[in-house]
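Below is one structure, written out as structure tokens; the observations come after it.
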Amino acid sequence: MKLFCFPYAGGLPSIYYSWRRVLSPALLEIDPFEVRPSFQSDSMVLFTSFYEVLEDVYKRITPELGEEPFAFFGHSMGGLIAFELTRKLLQNGKPLPQHLFLSASRVPHAYHKLAKTYHLPHNEFIGSLRTLGGTPDEVLDNHELLELFLPTIRADFQAVQTYEMNNELPQQIPVNMTVLFGKEDSIEIQDIVAWRDYCGRECKFFPMPGGHFFIHHQMNPILAIIQDTLNVDRAVAIRAQF
């Protein structure tokens with residue numbers, strides 16, 4: 001089983017590298033997927049539309065989706081990418097993930113509640129990043145690093161803060177879902193439990209200690225949930241063959 005992992009807005013796939021050190025590839029192959037390149041160049045196009053980001057991810061990931069089973073994990077914006085990517089795969093008759101893990105992700109119809117911060121002046125935008133807590137101080141306090149990463153972070157924030165769900169695609173997807181959420185997150189609980197409306201199969205919920213970025217402090221519990229869930233899915237699939 002391969003687990004493609006999508007980071008949050010402004011995050012890098014490296015947030016999942018430690019998962020590789022904990023889990024044996026024989027049990028679960030962790031694939032931290034790079035939603036955006038981690039560096040800037042003069043020729044690089046930074047997509048500011050969510051659906052442009054999604055199309056780019058779709059084009060790069062579909063060659064990796066063969067006959068081997070796979071699952072998606074996404075945190076915050078990464079969860080939205082995982083869900084919309086699954087809808088796009090379904091629309092185009094491509095292989096679907098065996099499971100969808102959505103972490104700190106509000107339901108698609110609730111994204112209009114997000115405050116618009118991507119267009120704030122420099123100092124105000126940096127202040128909003130500090131308040132949110134997802135960007136390391138080592139980046140925010142380092143002028144060179146900030147110049148390197150800030151355009152990508154702004155573009156990610158614009159993509160997610162201007163997102164609107166495409167209602168022409170099926171709302172429900174025929175994939176089991178596991179939803180993890182921080183007990184102290186600012187996301188309203190009704191915008192978490194409403195994931196049931198988007199799941200055409202079984203949908204389970206796991207509250208986690210911490211706020212929106214509990215992913216940085218709850219690695220072992222998260223990996224235990226993922227492994228246990230996939231083991232159950234595997235057992236059910238095996239029984240269905242007999």
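None of these values were measured; they are calculated from a predicted model. Computation of the quantities below employed the complete heavy-atom set of this structure, encompassing side-chain atoms and omitting hydrogens, waters and symmetry-equivalent molecules.
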Q: Could you check Met77 against Phe6 for side-chain contact (heavy atoms from CB on, under 4.5 Å), going step by step and ending with a plain yes or no?
A: CA-CA 8 Å; Met77 178 185 177; Phe6 305 101; over 6 Å; no
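- At least one donor-acceptor pair closer than 3.5 Å links the side chain of Gln161 to the backbone N or O of Thr117.
- When all heavy atoms are compared, the tightest approach of Leu90 to Ile173 is CD2-CG2, 4.4 Å.
- A distance of 5.5 Å separates CG in Leu28 from CG in Leu23, rounded to the nearest 0.5 Å.
- Centroid-to-centroid, the aromatic rings of Trp195 and Phe205 stay 6.0 Å apart or farther.
- Between the side chain of Asn92 and the backbone N or O of Lys88, at least one donor-acceptor pair lies under 3.5 Å.
- Checking side-chain atoms of Asn142 against main-chain N and O of Glu144 turns up a donor-acceptor pair under 3.5 Å.
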Q: Give the intermediate values and the outcome of side-chain contact (heavy atoms from CB on, under 4.5 Å) for residues Ile15 and Tyr8.
A: CA-CA 10 Å; Ile15 65 173; Tyr8 48 80; 3.8 Å; yes
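- Expressed to the nearest 0.5 Å, how far CD of Gln158 lies from CG of Leu46 amounts to 10.5 Å.
- Salt-bridge annotation for Glu188 and Lys113: present, with a side-chain N of the basic residue lying under 4.0 Å from a carboxylate O of the acidic one.
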Q | Test log, rule salt bridge (charged side-chain N to carboxylate O under 4.0 Å, His left out), inputs Arg60 and Glu34 | A | CA-CA 10 Å; Arg60 289 186 290 114; Glu34 195 161 33; over 6 Å; no
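- Side-chain contact check for Thr62 versus Leu89: some heavy-atom pair is nearer than 4.5 Å.
- To the nearest 0.5 Å, atom NE2 of residue His109 and atom CG of residue Asn167 are 11.0 Å apart.
- Checked against a 6.0 Å centroid threshold, the rings of Phe73 and Trp19 count as neighbours.
- With hydrogens and angles ignored, the 3.5 Å screen pairs no side-chain donor or acceptor of Thr229 with any backbone N or O of Gln227.
- Residues Phe157 and Phe125 bring their aromatic ring centres within 6.0 Å.
- Gln171 CD: more than 12 foreign heavy atoms inside a 6.0 Å radius.
- For the pair Asp141 and Arg130, the salt-bridge criterion is met [side-chain N within less than 4.0 Å of a carboxylate O].
- Between Glu202 and Met177 there is no side-chain heavy-atom pair separated by less than 4.5 Å.
- Of all non-hydrogen atoms in Pro151 and Leu146, the two that sit nearest each other are CD-O, 4.4 Å.
- For the pair Gly79 and Leu102, the tightest heavy-atom approach, listed with the atom from each and the gap, is O-CD2, 3.4 Å.
- Taking the side chain as every heavy atom from C-beta outward, Val107 and Ile192 never approach each other to under 4.5 Å.
- Under the 3.5 Å distance criterion, with hydrogens and angles disregarded, no donor-acceptor pair is assigned to the side chains of Tyr118 and Asp156.
- Side-chain atoms of Leu129 and Leu150, non-hydrogen and from C-beta on, do get closer than 4.5 Å to each other.
- The aromatic rings of Phe70 and Phe72 sit tilted, their planes meeting at an angle between 30° and 60°.
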Q.
Would Ile226 and Ile222 count as a side-chain contact (heavy atoms from CB on, under 4.5 Å) here? Give the steps.
A. CA-CA 6 Å; Ile226 291 172; Ile222 291 172; 3.9 Å; yes
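- Distance check: Glu138 CD to Thr135 OG1 gives 11.0 Å after rounding to the nearest 0.5 Å.
- Here the SG-NZ distance, from Cys199 to Lys204, works out to 11.5 Å after rounding to the nearest 0.5 Å.
- Linking Ile, Leu, Val, Met, Phe, Trp and Tyr residues whenever their side-chain heavy atoms come within less than 4.5 Å places Ile225 and Val22 in a single cluster.
- Enclosure of atom NZ in Lys2 by more than 12 non-hydrogen atoms of other residues, nucleotides or ligands within 6.0 angstrom is indicated.
- Leu145 is connected to Ile126 through a chain of hydrophobic side-chain contacts under 4.5 Å among Ile, Leu, Val, Met, Phe, Trp and Tyr, so both are in one cluster.
- Cluster annotation: Ile153 is connected to Leu148 through the hydrophobic network of ILVMFWY side chains, with a link wherever side-chain heavy atoms come within less than 4.5 Å.
- A distance of 10.0 Å separates CD in Gln91 from CD in Glu84, rounded to the nearest 0.5 Å.
- Of all heavy-atom pairs between Pro108 and Tyr198, the closest is CD-CZ, 3.7 Å.
- In this structure, the ring of Phe101 has its center no less than 6.0 angstrom from the ring center of His75.
- With contacts defined as side-chain heavy-atom distances shorter than 4.5 Å, the pair Arg201/Pro174 qualifies.
- Atom NZ of Lys59 has 12 or fewer neighbouring heavy atoms from other residues, nucleotides or ligands inside a 6.0 Å radius.
- Annotation for Ser76 and His212: closest pair OG-NE2, 2.9 Å, computed over non-hydrogen atoms.
- Cluster membership for Phe181 and Leu114, using ILVMFWY side-chain heavy atoms within less than 4.5 angstrom, is shared.
- Residue Leu169 is not grouped with residue Phe50 when hydrophobic side chains (ILVMFWY) are merged at heavy-atom distances under 4.5 angstrom, including chains of intermediate members.
- Here the side chain of Arg106 pairs no donor or acceptor atom with the backbone of Gln190 at under 3.5 angstrom.
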Q: Go through the steps to decide whether Tyr16 and Asp31 satisfy the test side chain to side chain donor-acceptor pair (under 3.5 Å), and finish with yes or no.
A: CA-CA 8 Å; Tyr16 298 112; Asp31 190 335; over 6 Å; no
Q. Under the side-chain contact (heavy atoms from CB on, under 4.5 Å) criterion, do Thr178 and His99 qualify, and how do the steps go?
A. CA-CA 8 Å; Thr178 294; His99 206 100; 2.7 Å; yes
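- Contact of the Leu80 side chain with the Tyr111 side chain is registered, since non-hydrogen atoms from C-beta on lie closer than 4.5 Å.
- Using a 4.5 Å heavy-atom cutoff, the side chains of Leu223 and Met219 are in contact.
- Counting heavy atoms from C-beta on, the side chains of Phe149 and Leu12 come closer than 4.5 Å.
- A pairwise comparison of heavy atoms in Pro95 and Leu65 identifies CG-O, 4.0 Å as the closest pair.
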